[in-house]
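Worksheet for the structure shown next.
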Amino acid sequence: MSGADGELEGDKAGRHHTRWRVRVWIVGHCLVVMAVIVCFVLGDVPDERPTDFDTYYANAPFIGEMLVFYLSSNVVAAGGATVVCWRWSRNIRKEIRTNGSATADGWLRASLYVLGAGFLSHFISGSLKLLAIAARWNGRNWDVLNDLVCEYAPSEP
């Protein structure tokens, strides 16, 4: 069961799978970044709209697609990070119960909960923006979703 270097075979397979998943995420996000750049270069954005950019340019050629690529990528990443943070914090809690309470582990678990909550809020705000863009594409005006996100989420000036 042990490898030549003293590692368990299951650990090796798990690490190999984790590396593979990380590579897939990196390649996927690199493709999205390239698509966003191409769409932005091909699109036209004559007015600066810091608060309602998403819904104002949702129907603009190439810019709407750029927004969907960007927001979809962020929503998927935020959802994945939320799940990972909460899963790790749960695993740490199990270890604390079996191995005794350690202050550092408690702080780590609390930090993972805070990160998970932050990623969850990012997931929700991105999803609301995507809904507002989809509504624009279908001829509806759900800009209130985007306005709600911009009002409560920090944005660049």
Side-chain angles (χ1 to χ4, degrees), residues 14-15 17-97 101-157:
R15 274 191 263 147
H17 183 68
T18 301
R19 286 186 186 129
W20 178 80
R21 283 195 324 192
V22 168
R23 286 184 187 125
V24 168
W25 277 92
I26 289 171
V27 168
H29 281 285
C30 286
L31 291 173
V32 168
V33 167
M34 288 189 305
V36 166
I37 291 169
V38 168
C39 288
F40 186 77
V41 168
L42 294 174
D44 184 31
V45 184
D47 299 327
E48 186 175 328
R49 308 287 297 212
T51 57
D52 65 345
F53 183 88
D54 302 331
T55 52
Y56 186 79
Y57 287 113
N59 292 323
F62 298 107
I63 300 300
E65 290 80 2
M66 177 200 75
L67 292 168
V68 169
F69 283 136
Y70 163 73
L71 288 170
S72 297
S73 172
N74 277 321
V75 165
V76 168
T82 301
V83 170
V84 167
C85 284
W86 286 347
R87 187 178 296 154
W88 285 351
S89 64
R90 195 174 57 232
N91 290 344
I92 289 171
R93 185 174 61 191
K94 288 177 187 175
E95 285 184 28
I96 290 172
R97 286 183 180 166
S101 180
T103 306
D105 290 341
W107 280 106
L108 177 60
R109 187 178 54 127
S111 300
L112 286 168
Y113 277 130
V114 169
L115 283 171
F119 284 125
L120 179 63
S121 69
H122 189 68
F123 174 84
I124 292 169
S125 67
S127 298
L128 290 175
K129 285 179 174 247
L130 278 171
L131 280 173
I133 290 171
R136 274 292 177 118
W137 284 2
N138 290 312
R140 290 183 167 69
N141 185 351
W142 289 0
D143 291 358
V144 68
L145 295 175
N146 189 45
D147 297 341
L148 180 71
V149 169
C150 288
E151 185 176 336
Y152 293 106
S155 64
E156 306 273 332

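In what follows, residues are counted from 1 in the order of the sequence shown.
- A distance of 11.0 Å separates CD1 in Ile37 from CE in Met66, rounded to the nearest 0.5 Å.
- Looking only at distances, no side-chain donor or acceptor of Trp142 sits under 3.5 Å from a matching main-chain atom of Leu131.
- Here the straight-line distance linking atom CH2 of Trp137 with atom CG of Asn59 works out to 8.5 Å at 0.5 Å rounding.
- A donor-acceptor distance shorter than 3.5 angstrom exists from the side chain of Ser72 to the backbone of Val68, with no hydrogens or angles considered.
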Next item on the list: Tell me, with the steps shown, if Val45 and Phe53 meet side-chain contact (heavy atoms from CB on, under 4.5 Å).
Entry: CA-CA 9 Å; Val45 184; Phe53 183 88; 3.5 Å; yes

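- The backbone N or O of Asp143 sits less than 3.5 Å from a side-chain atom of Asn141, completing a donor-acceptor pair.
- By the 4.5 Å heavy-atom criterion applied to side chains, Leu128 and Asn146 are not counted as neighbours.
- In terms of modelled atom types and a separation under 3.5 Å, the side chain of Ser73 and the main chain of Tyr70 share no donor-acceptor contact.
- Under the 4.5 Å side-chain criterion, counting only non-hydrogen atoms from C-beta, Val41 is not in contact with Phe62.
- At least one side-chain heavy atom of Cys30 sits under 4.5 Å from a side-chain heavy atom of Ile26.
- Here the shortest heavy-atom pairing between Gly126 and Val75 reads C-CG2, 3.5 Å.
- One distance of note links OG1 of Thr55 with CG of Leu67; it measures 9.5 Å at 0.5 Å rounding.
- A donor-acceptor pair under 3.5 Å is formed between the side chain of Tyr57 and the backbone N or O of Asp47.
- The NZ atom of Lys129 lies 14.5 Å from the CD1 atom of Ile124; values are rounded to the nearest 0.5 Å.
- Residue Glu65 comes nearest to Ala60 through the heavy atom pair OE1-O, 4.1 Å, listed as atom of the first residue, atom of the second, then distance.
- Nearest heavy atoms, Ala58 versus Ile133: CB-CG2, 4.0 Å.
- Atom CG of Leu112 is separated from atom CZ of Phe119 by 10.0 Å, given to the nearest 0.5 angstrom.
- The number of heavy atoms from other shown groups lying within 6.0 Å of OH (Tyr113) is above 12.
- Using bins of under 30°, 30° to 60° and over 60° for the plane-to-plane angle, the ring pair His29/Trp25 lands in the parallel bin.
- Between the side chain of Arg109 and the backbone N or O of Ser89 there is no donor-acceptor pair closer than 3.5 Å.
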Next item on the list: Show the numbers, then the answer: is there a side-chain contact (heavy atoms from CB on, under 4.5 Å) between Leu120 and Trp86?
Entry: CA-CA 10 Å; Leu120 179 63; Trp86 286 347; 3.5 Å; yes

